[in-house]
Amino acid sequence: MTDKVDFTGVQWKSVEWTNLCLLYLRAHESRLAQPILGDDVAAGDIERIDYDFGRMHRALHPDTNQFMVALRSAQFDALMAAYLQRHPEAVVLHLGCGLHSRGLRMAVPDGGPWYDVDLPNVIALRRQLHSETERYRMIGSSVTDPGWIEELPAGGPVLIVAEGLLMYVTLDEVAALLHRLLDRFDSGELIADFLSPWGPRMSRIFTAGLIKWGTRDGREISRAEPRLDLVGSSPIMAGYERIPLSRQRLLYRLQYAIPAVRGYDRIYRYTF
Ligand SMILES: C[S@@+](CC[C@H](N)C(=O)[O-])C[C@H]1O[C@@H](n2cnc3c(N)ncnc32)[C@H](O)[C@@H]1O
């Protein structure tokens, strides 16, 4: 195939590698007979990428872990689709997009512009896989840098989406980001997942403190940015009943029964 892309330089355990793992898990899940997410774009991406996926496969235990990723992403997709059905003209800001194919799968025909935003090194990787169009844009910047927001059209509705991102920046930085975004748009929704207070505690032990903060109920966000009203939340593992493999479904059911595990990562929806 002529359009193979070379990812062999991606370093083990780098941010780029983490994104490649997530893409790999979504692609893996799409090959099930009855997938929950069914991300065929991810499967196509993985086929085009030149990388040692054998080693990654052994490290990831995809037969079990594919569902954690699929359940979370499917919930994000459903919440986003519901908003975009009501506001097809909305600007979509997909923050910390990584290598997620959402912008290619979900963009509303003739809808508003879609911006995929991530750190410059991740966007550089992404650009090897996909191209911009008039309505689909990629911005390589830290979300905490105020400059990128100046590129966005002002006013109108906005859908702000952050999957697996906002726990990596401090709560003060999240608040500053949200102030800037809400100053720029007239109305909208924020859909984001946050870890419980166990997140930063575990991270101090296992991941050198990468996780900056955690929340019991998502209310810190409304306190930090009072224009945001919390309207709903659910554990990322909600919907595990749809797991099509019986052993994995049982495993997720057992985990879901433990409050600390069930509540570890939750998706929150806010309106303004
Ligand atoms: C766990 S990955 C999730 C990626 C993607 N949302 C997904 O679900 O596949 C976290 C992403 O957040 C990005 N990220 C972390 N800090 C960031 C920042 N300050 N600005 C922009 N992106 C950031 C990382 O580069 C990475 O792509």
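Indexing begins at 1, ligand by ligand and atom by atom, following the structure's order.
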Identify all side-chain donor-acceptor contacts of residues 107-114 below 3.5 Å with residues at least two apart in sequence or on another chain.
from	atom 1	to	atom 2	distance (Å)
W114	NE1	D116	OD1	2.8

Counting non-hydrogen protein atoms only, what is the nearest one to [atom]? Give residue, atom name and distance.
atom: atom 1 (C) of ligand 1; value: G164 O, 3.5 Å
atom: atom 21 (C) of ligand 1; value: V143 N, 3.6 Å
atom: atom 19 (N) of ligand 1; value: S142 OG, 3.0 Å
atom: atom 13 (C) of ligand 1; value: D118 OD1, 3.3 Å

Less than 4.0 Å between a side-chain N and a carboxylate O, is that true for [Y] and [X]?
X: R127; Y: E132; value: yes
X: R126; Y: D118; value: no
X: D183; Y: R227; value: yes
X: D77; Y: R105; value: yes
X: R72; Y: E163; value: yes

Exercise. Out of G96, G140, A42, S14, whose heavy atom sits nearest atom 6 (N) of ligand 1?
Worked result: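 Ranked by closest heavy atom to atom 6 (N) of ligand 1, first place is G96.
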Pair [X]-[Y], side-chain donor/acceptor within less than 3.5 Å:
X: D39; Y: S101; value: yes
X: H57; Y: Y24; value: yes
X: E16; Y: N121; value: yes
X: H130; Y: D45; value: yes

Ligand 1 atoms in contact with [X] (distance to a heavy atom under 4.0 Å):
X: L22; value: 1 (C), 2 (S), 3 (C), 7 (C), 9 (O)
X: V122; value: 25 (O)
X: L165; value: 12 (O), 13 (C), 14 (N), 15 (C), 16 (N), 17 (C), 22 (N), 23 (C)
X: R26; value: 7 (C), 8 (O), 9 (O)
X: V169; value: 19 (N)

Exercise. Which residue pairs pass the side chain to side chain donor-acceptor pair (under 3.5 Å) test with at least one member in residues 78-88, sequence neighbours excluded?
Worked result: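 As it turns out, the side chain to side chain donor-acceptor pair (under 3.5 Å) pairs with a partner in residues 78-88, which skip direct neighbours, are R86-E189.
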Exercise. Is there a heavy atom in S141 that sits closer than 4.0 Å to ligand 1?
Worked result: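 Flag set, S141 near ligand 1.
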Exercise. Under a heavy-atom criterion of less than 4.0 Å, does H94 contact ligand 1?
Worked result: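 No, H94 has no heavy atoms under 4.0 Å from ligand 1.
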Exercise. Given that the side chain starts at C-beta and the backbone is N, CA, C, O, which of these parts of V15 lies under 4.0 Å from ligand 1, counting heavy atoms, or is it both or neither?
Worked result: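 It is the side chain that touches ligand 1; the backbone stays farther off.
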Exercise. When you look for heavy atoms under 4.0 Å from ligand 1, do you find them on the side chain of C97, its backbone, both, or neither?
Worked result: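 Backbone only.
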Geometric N/O contact [X] with ligand 1, under 3.5 angstrom:
X: N19; answer: yes
X: H100; answer: no
X: L99; answer: no

